[in-house]
Amino acid sequence: MALSANPVAAEIARAVAAVLGISPDDVKIDPPPRPELGDFAVPAFPLAKLTKEPPPAVAARVARDLPRSGVVTDVTATGPFINVKVDRAAALRVVLASVADAATLIPARGAGQTVCIDYSSPNISKHLAYHHIRSTMLGHALASIHEALGYTVVGINHLGDWGTTHGMLLAAFERWGAEPKYQPLDVTGLNDLYVRFREAMKADPALGDEGRAWFKRLEDGEPGVRARWQQFRDISWREFDRVYQRLGVHFTFVTGESEYEDKMPEILAMLAAKGLLSESEGAQVVAIPGEKTPMLIKTKDGTTLYATRDLAAALYRWRQYGFARSLYVVDRGQSLHFKQLFAVLGMLGFDWAARCTHVPFGLVRFGGKKTTTRGGNVVLLDEVFAEASEQVRPLIAEAQPDMPAAQLDRTAEQIGVGAVVFANVLPQRDKDVEFDWDKVLSLSGDSGPYLQYTVARCWSIHRKAGAPALDPAVDVGRLTHDAEWAVARRLLDVGDYVARAADNCEPHVVAHYLLELAADFSRWYTLGNGDADLRVLCDDADVRAARLALVAAVRTWLTRGLAMLGLGAPEVM
RNA sequence: GCGCCCAUAGCUCAGCUGGAUAGAGCAUCGGCCUUCUAAGCCGAGGGUCAGAGGUUCGAGUCCUCUUGGGCGCGCCA
């Protein structure tokens, strides 16, 4: 167990460890089930195992011997649990310091290490559909979360721009591309050509060979074929980039599978040299010990498959970046592929294969079914965002009648897109998500807009106070209300949640943390409804300054957290 | 057939890698706006954590089996 990123919890762990003569890493710190028990709790069971005493005895001993110094002000044993109360002013000073320096609460434990993250990675010649939001935003969140921990992140958009599919598209264009409906050619036209070709293949299976032949020509580098493919790719990228900009998503590089074309001969040679290649039904395969199905490396036509390209890409990434982790944010349906991929890398003798991780996620369903382009039940990302912004706009206009039109547009976009994005990072990755307009566009409760609203309330207070900057001379001793402490106590934990999100590749950990933080703030805020003395903007100047500082901390961390998940936070809504 | 994943409140989901009395949101019902944004807050009802064994001080969490659902399994990616 690693030492907590919460500096107060870490100090308690060290103090307890010193009393018992054990390692601080062995001291687990929990929040007590009820706040009146204390600020931090230490279960004595694991400690008892190390000191070979009964748990209540260890708890009693720690309660007696733990120095009431530093942040620790009070220690009580409650049966086998040790409850610790801390110097709230000292803890609050740490919290406020984190506004200027995030590292106070999130140690840069990833400094000097690189993480490669492969995410989004759509196929060209198709629209970005709603289901693409999962890989795109989970990957983007993982990138931001790792960056927050000090890692160097290499975000890779590995476009599906190579393979037989694209041969079929070339064949389809050859047949029908001159028709007026494809002038000018756009993604809709490209997708139509592909669907039309697949449809025709049902009647005439020989077309499959035609498609494969075109891919062979592409892979062999015929200039005219290559130019046409490049045109499809450019058309697709213009469309993708527009949506990525709408989402605020960016990549370190956008390459695509075609990028590894010239890097495959080396991989093939390595496989051959190790004697791993064998022939099966005309294809080149690698048999994996303990696995029923081999990995297909080359088709009977001699063209490559995505497995071959992924092997080459993995090796390239290792050579370029010497990554600490290499993550592949790809849907769960490809689990077998990645299992095989990492196994073959291991068979090639690459010990770094253990650093490669498939980060799978569940399906997006529509009407209970998997969404597919051919199924006709695909919802475009753009359509969802447009609908979301549309629904949000009147609510903002009502709350902010004086807001200029341009700002209203911007705000509606941020909240509408934010609602959709948040709904997709809130559940665990594993879960399938059923597409549901009501849920995706929910503005109340556990939602992105709720978090954004909380931020906007903070901004509003600061505007009214005329002092958005944090006063360094603030007297934190004036923050004496339990509701204020609950907020500060929550903020202290932020680093542990971000670290866990990174370790488990689960951005939803951050999403749920932010909801708790916002709820703590909202409870505190609402106290002011009935009692003017409990408002941030109260009469006492010192209390007011201290509360404004705490509001700044909430605003700062909510904004940082939302950014980690890919949501913007407007100052007014 | 083989493999992987999932099962917690009426619905959608959390549950900090095994710790104290299992928590939120939605929906339902009842409260709170003359001054910090009610997209909010407070309260009520609602649970055999799919089922059965096992591991131990302690299991929603770990192991086995059963049931129910989902997804994969050679020339697409």
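Since the structure is predicted, the reported quantities are computational estimates derived from the model, not experimental observations. Each chain gets a letter, A, B and so on, in the order its sequence line appears, and its residues count up from 1.
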Please work out if A:Gln428 contacts a base, only the sugar-phosphate, or nothing of the nucleic acid, heavy-atom cut-off 4.0 Å.
sugar-phosphate
Using a cut-off of less than 4.0 Å, is there contact between a side-chain N or O of A:Thr526 and OP1 or OP2 of B:G40?
no
Indicate, with a heavy-atom threshold strictly under 4.0 Å, whether A:Arg34 touches base, sugar-phosphate, or nothing.
base
How about CD on A:Glu36, more than 12 heavy atoms from neighbouring residues, nucleotides or ligands closer than 6.0 Å, or not?
yes
Between the base of B:A20 and the side chain of A:Asn83, is there any donor-acceptor pair under 3.5 Å?
yes
Under 4.0 Å, counting only non-hydrogen atoms across every strand here, what does A:Met295 touch: a base, just sugar-phosphate, or nothing?
nothing
Testing B:C36, B:C6, B:U37 for proximity to the side chain of A:Val536, the answer is B:C36
Contact class for A:Leu305 (heavy atom, under 4.0 Å): base, sugar-phosphate, or nothing?
sugar-phosphate
Using Watson-Crick geometry (N1-N3 plus N6-O4 or O6-N4) or G-U wobble (N1-O2, O6-N3), each under 3.5 Å, B:U17 is paired with none
Regarding A:Glu281, tell me which of base, sugar-phosphate or nothing describes its non-hydrogen contacts under 4.0 Å with the strands shown.
base
Is A:Arg332 positioned over the aromatic face of A:Phe361, cation under 6.0 angstrom from the ring centre and no more than 45 degrees off axis?
no
Salt bridge or not between A:Arg365 and A:Asp432? Use side-chain N to carboxylate O under 4.0 Å.
yes
Classify the nucleic acid contact of A:Gln334 as base, sugar-phosphate or nothing, counting any heavy atom under 4.0 Å across all strands shown.
base
Is there a donor and acceptor pair, one atom on the side chain of A:Arg500 and one on the base of B:U17, closer than 3.5 Å?
no
Select base, sugar-phosphate, or nothing to describe what A:Tyr513 touches, counting heavy atoms under 4.0 Å on all strands.
nothing
If you look at every strand shown and take non-hydrogen atoms under 4.0 Å, does A:Pro31 touch a base, only sugar-phosphate, or nothing?
base
Proximity to RNA chain B (any heavy atom under 4.0 Å), residues of residues 159-171 of chain A only
A:Trp162, A:Gly163, A:Thr164, A:Thr165
Answer with base, sugar-phosphate or nothing: what part of the nucleic acid does A:Val572 contact at a heavy-atom distance below 4.0 Å?
base
Which base sits across from B:A7 as a Watson-Crick or G-U pair, both distances under 3.5 Å?
B:U67
Under a 4.0 Å N-O cut-off, is there an ion pair linking A:Arg489 with A:Asp493?
yes
Under 4.0 Å, counting only non-hydrogen atoms across every strand here, what does A:Arg429 touch: a base, just sugar-phosphate, or nothing?
nothing
Could you tell me which nucleotide pairs with B:G1 by Watson-Crick or G-U wobble geometry, both distances under 3.5 Å, or answer none if nothing does?
B:C73
Contact class for A:His337 vs. all strands (heavy atom < 4.0 Å): base, sugar-phosphate, or nothing?
nothing
Mate of B:C33 across any strand shown (Watson-Crick or G-U wobble, both atom pairs under 3.5 Å) is none
